[in-house]
Amino acid sequence: MSVYNFTEIEKKWQKFWKENKTFKADIDESKPKYYILDMFPYPSGAGLHVGHPLGYIATDIIGRFKKLKGYNVLHPMGFDAFGLPAEQYAIQTGQHPAVTTEENIARYKEQLENIGFSYDWDKEVRTSDPDFYKWTQWIFKQLYNSWYNKSTDKAEAIEELVAAFEKNGNQEIKAHCDEDTELFTADDWKGYSDAQKSAILLKYRLTYLADTVVNWCPALGTVLSNDEVKDGFSERGGHPVERKKMPQWNMRITAYADRLINDLQDVDWPDPIKEMQKNWIGKSKGAEVTFQVENTAHEITVFTTRIDTIYGVTFLVLAPESELVEQIVSEDQKEEVTAYATKAKNRSERERMSDVKTVSGAFTGAYALNPYNQERIPIWIADYVLAGYGTGAVMAVPAGDQRDHDFAKHFDLPIQPIIDGTEVDEKADPTKEGKMINSGILDGLSPMEAIDKACDYAEENGFGKTKVNFKIRDAVFGRQRYWGEPFPVYFKDDQPQLLADDKLPLELPPVDKFLPTETGEPPLGRAENWHTVDGYPYEMTTMPGWAGSSWYFFRYMDPANDQEFASKEALNYWQDVDLYVGGSEHATGHLLYSRFWTKFLYDRGLVPVKEYAKKLVNQGMIQGRSSIAYRINGTNTYVSKGLRKEHDTAKIHVDVNMVENDVLDIESFKNWRPDLKDAEFILEDGKYICGDEVEKMSKRLYNVVNPDDIVAKYGADTLRMYEMFLGPLEQFKPWNTHGIDGVYKFLRKFWSLYFDGNNQYLVSEEKASPEELKILHKAIQKVEDDVDRLSLNTSVSHFMITVNELIALKCHKKEILEPLAILLSPFAPHICEEIWQIIGNAESISKASYPQFEQKYVVEASHEYPVSINGKVRTKLSFAIDEDKAEIEKQVLANEMVQKWTEGKTPKKVIIVPKRIINLVV
RNA sequence: GCGGAUGUGGCGAAAUUGGUAGACGCACUAGACUUAGGAUCUAGCGCCGCGAGGCAUGGGGGUUCGAGUCCCUCCAUCCGCACCA
């Protein structure tokens, strides 16, 4: 076996690529562009694990392929460097997050370089770099200075709105703005104070301050996500958490709801992602109906998609946090209602959502009148109604909605059947089938007809209207944290003011601690000079993690530019991402926000595209495969997997690096921790066999596999090919090193086509045989096809088949092996570069041109058709390529074999599926 | 509860439009070569059965000459979530 010294080869070529800037991607109008992008990583302290490079390797292969095919490829990498873990670490250690982030990035880069990616590192971006976040702040300013004009259906400059106000007030303006915006005339506007004007404009701006309900933890002095709240207490520390309204920066993403749905048809994204985004935006057509509260001036407006069921309403339900509750509650119910509301307010939305089994609520003692029939219906509060959705009030129809039904059953409220022939005592009937009964003016109609009639009736009588409702809410954009982009905002007379462009970037100030202040202000409240020169206070919250990631793909086009976020020239050349690879967990987060920002930038003429990524592929996560040892309870004795059933054991995670093929290295285990020094073992067949569990790859579970170790042992080319060989890119799969030998063996075999056991060059100039050419061209065709479909695992398999076939033929001919090296180079670039050079080529293989396959070597002169008799395939027959069905049928029936199988009977039916099969039914 | 996905040998998997299920690789078995290697080569390898043959793509049903693939239904696992009226 020949010597394939991967370490030496890989070092050499990585150095070559770096020094020669082989993958520099600059504007080149003579070539078509191809922009391929990975979701950039958050540089965590744990370093890169083998799961991270999966998508990166796939994009690297595609990128190198495109380069061979003559495209100008932009394949950049950067870091999503703001985030909570660095801040938590800073809180614990006092180390500035910038320092730890810097160290982590250095480590990530080193690890990435080991794998031989074709990145243009000159294009690197980091969201936490002031040169980068200067532009995040700048885009924030543009959002602030924009409003959404519904008449033109796009974002426009706020100055235009002000001009319109001065001319005509806001009467004629159709804008996406706060619901409570009042009408005013031009004269009104001119009479307002600056602060009043400022407050009104805030209701129109695409980013604005609004009171938002958050999970506030007074003890930690911070806002928690739903995740971090368990039963009304913080997950860390167990401190009480309350739902509290705080002024927060929001993004008016709702203005774009329709366009975000509609434009999905223009992008080649996976259907599940499109589906998730559509559901998240949640457009629904329905009606708003206003109920009068009995004996008061109060009204309750509800939104419903099933206005046809209006006569089945037997109670109304308000969200417990609704302001109306206090105003309508009767004296004798006050205590109960307040107690319930307090309890409900302190549950996170997530908890309220998952807890469907417990029916809870309280009667307010008040009644409303159904505007259709003046029926008196009780008003309840319940935590299954959310304040943030729709109007925060629901009309309950137990006959038509299961949740309302459960509620009615539990509190013994009436259930009024409204569709003929349905049985609603036990279960609601949510279908829209049948004829309406007990429904006044709607009787006898189908539900669909009833919806129209009920809407018309409500509109005529002024107590309701049709309405399109969206589930999506404006996105909260502020965080009470340190390690994020500061807002370019200060406050004058309590009204936000923007910092001038020449003051950007507004850099994060030093602070003594990364915790909130004693008075509950965010960490930036600790900064000494966190005021403008005039003494006005700066905004103290920072932007969320998704701020930088919402536009970073444009920055890669021109990352060093300090005049613009990217030059017009670069934006026009690179346009958009041709292929974006990343996890589906970002479906309703990053992937939606970045579409929103792109549309905004497009509206304001700042980018030339409406969508930033033509095609998206979701790579599956590589999970960890944890190794488990079984400790017998109460002892320090560990029992092998096969024998564990005989004992009462506890599962202990052991470091996967001490385990090979499930066999535990007992010595390393004993030295792992002091308490294991005296561990005893019950073995099977003299070995300790570990169990395994598929879990997230994480430091905590000791199942992290570092790609560096794999590279050291097998080489980067093997790692790259093995990660692809592991299975389809989109699939979730556990990391398992078991099969890597097969890929390693393949690369050694590949090497042995070119060199003998003493590394003597074997390749000859001899002319290739048709058989050899066929093998090569089949491989070119197959690999090209697979790469197009991103089915990289099957192309690796095909390389293996190809090499095996060439070895069987003892083929060492340049005519075959040179194109083969080009073909393989995107997958295993180092080994192919080396071969390419030894074959006698001066430049990098990335400058080679991609071999074309020739049809004549691949396609057969005739097709072989399997012939089946009564569904069972019995034989194969060859026919000419020219497929005349009648001709084929004649030939089939005349065939000796067929006659034998059908025992001479004439088939009742002959089915010919072109290119597939001929089926006879006897 | 809602939304999304997945389910094929001992294992990772393949099967591109419905057409001979299990390519390729791992593991395993047997053999060859061997101044023993975690090397290389050759053969075997879904399950049951001596065999002919039968059974097999999570379970059940359906469409079809023909289903891993399409439809219905149930089960299991994973991911996301803002109970979406």
Side-chain angles (χ1 to χ4, degrees), chain A residues 1 226-227 270-273 275-276 278-280 282 284 286 302-306 309 317 348-357 382-386 388-397 400-404 430 469-473 583-589 618 620-621 623 660-661 694 722 725-728 730-734 736-743 745-746 748-749 752 757 782 785-786 788-789 791 793-801 804 807 865-876 907-911 913-922:
Chain A
M1 193 61 194
N226 283 336
D227 265 0
D271 286 334
I273 294 284
E275 196 67 28
M276 281 189 247
K278 274 184 207 156
N279 290 334
W280 187 261
S284 59
V302 301
F303 174 77
T304 177
T305 52
R306 290 296 304 275
T309 63
V317 190
S348 74
E349 290 194 354
R350 177 80 64 81
E351 285 178 287
R352 283 166 63 168
M353 169 179 70
S354 6
D355 184 15
V356 284
K357 298 195 177 64
D383 67 4
Y384 78 85
V385 176
L386 297 180
Y389 179 73
T391 58
V394 180
M395 57 176 231
V397 184
D401 183 282
Q402 191 54 45
R403 207 172 38 217
D404 295 344
N469 196 48
F470 290 96
K471 178 162 109 170
I472 192 169
R473 307 201 286 242
S584 63
E585 67 274 17
H586 299 107
T588 55
N618 293 123
M621 219 178 319
Q623 294 147 314
E660 199 162 337
N661 290 346
V694 173
Y722 184 58
F725 186 65
L726 223 46
E730 291 92 338
Q731 203 163 294
F732 282 69
K733 54 218 159 206
N736 192 340
T737 322
H738 281 8
I740 201 167
D741 279 332
V743 173
K745 202 189 282 178
F746 158 76
R748 280 179 300 177
K749 281 183 185 173
S752 76
K782 177 79 173 127
D785 201 44
D786 286 341
D788 266 357
R789 291 186 298 130
S791 179
N793 53 329
T794 53
S795 40
V796 175
S797 290
H798 204 83
F799 277 119
M800 291 176 174
I801 294 169
N804 283 341
I807 286 175
Y865 290 82
V867 176
S868 80
I869 319 286
N870 285 343
K872 183 153 183 66
V873 173
R874 305 320 275 258
T875 185
K876 275 185 184 173
K908 282 183 236 157
K909 216 168 160 188
V910 181
I911 298 148
V913 183
K915 291 190 185 171
R916 290 294 183 198
I917 202 161
I918 295 164
N919 204 323
L920 308 182
V921 185
V922 183

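What you see is a predicted model; the values in this text were computed from it and never measured. Convention: sequence-line order gives letters A, B, ...; per-chain numbering from 1.
Between the CD1 atom in A:Ile740 and the OH atom in A:Tyr722 there is a gap of 6.5 Å [rounded to 0.5 Å]. Taken to the nearest 0.5 Å, the CD1 atom of A:Ile472 stands 14.5 Å off from the NZ atom of A:Lys278.
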Under 3.5 Å between N/O atoms: give me all the protein pairs with nucleotides 6-10 of chain B, atom names plus distance.
none

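Using a 4.0 Å heavy-atom distance criterion, A:Lys782 is classed as a base contact. Across all strands shown, A:Asp404 has no heavy atoms under 4.0 Å from either base or sugar-phosphate atoms. Among the atoms of the strands shown, none is found under 4.0 Å from any heavy atom of A:Asn736.
For A:Lys749, no side-chain nitrogen or oxygen approaches OP1 or OP2 of B:rU40 to under 4.0 Å. Applying the 4.0 Å criterion to OP1 and OP2 of B:rC24, one finds that A:Asn804 has every side-chain N and O outside that range.
Summarising the base pairing, B:rU63 is matched to no nucleotide, lacking a Watson-Crick or G-U wobble pair whose two defining distances lie under 3.5 Å. Using Watson-Crick or G-U wobble geometry with both donor-acceptor distances under 3.5 Å, B:rC33 finds no partner in any strand shown. Judged by Watson-Crick or G-U wobble contacts below 3.5 Å, the nucleotide B:rG7 has B:rC75 as its partner. Across all strands shown, B:rG80 forms a Watson-Crick or G-U wobble pair, both distances under 3.5 Å, with B:rC2. Base pairing of B:rG44: its partner is B:rC28, meeting the Watson-Crick or G-U wobble criterion (both donor-acceptor distances under 3.5 Å).
Rounded to an integer number of Å, the gap from A:Arg306 CZ to B:rA85 P is 11 Å. B:rA13 atom C1' lies 14 Å from atom CG of A:Asp786, rounded to whole Å. A straight line from CZ of A:Phe746 to P of B:rG25 spans 11 Å, rounded to a whole angstrom. To the nearest angstrom, P of B:rA14 lies 10 Å from CZ of A:Arg789. Straight-line distance from the NZ atom of A:Lys745 to the P atom of B:rC24: 13 Å, rounded to whole Å. Atoms CE (A:Met800) and P (B:rC26) sit 7 Å apart, rounded to a whole Å. For the pair A:Asp741 CG and B:rA27 C1', the computed distance is 11 Å after rounding to whole Å. Rounded to whole Å, atom P of B:rG25 lies 16 Å from atom CG of A:Leu726.
Taking the syn range as angles within 90° of 0, the glycosidic angle of B:rG68 is outside it, so the base is anti.
Comparing B:rC26, B:rA23, B:rA85 by their nearest atom to the side chain of A:His738 picks out B:rC26. Listed nucleotides B:rA39, B:rA85, B:rC81 differ in distance to A:Arg748; the shortest reach to its side chain belongs to B:rA39.
Atom name C1', nucleotides B:rA67 and B:rU57: the rounded distance is 11 Å, in whole Å. On the P atoms, B:rU6 is 34 Å away from B:rG54, given to the nearest whole Å. Using C1' as the reference atom, B:rG18 and B:rC2 are 33 Å apart when rounded to the nearest Å.
Remark: the backbone N or O of A:Ser795 is paired with a side-chain donor or acceptor of A:Asp786 at under 3.5 angstrom.
A side-chain N or O of A:Thr794 and one of A:Ser791 form a donor-acceptor pair less than 3.5 Å apart.
At a threshold of 4.5 Å between non-hydrogen side-chain atoms, the residues A:Lys749 and A:Asn804 count as touching. Proximity of A:Met800 to A:Val743: side-chain heavy atoms (C-beta onward) are separated by under 4.5 Å at one or more points.
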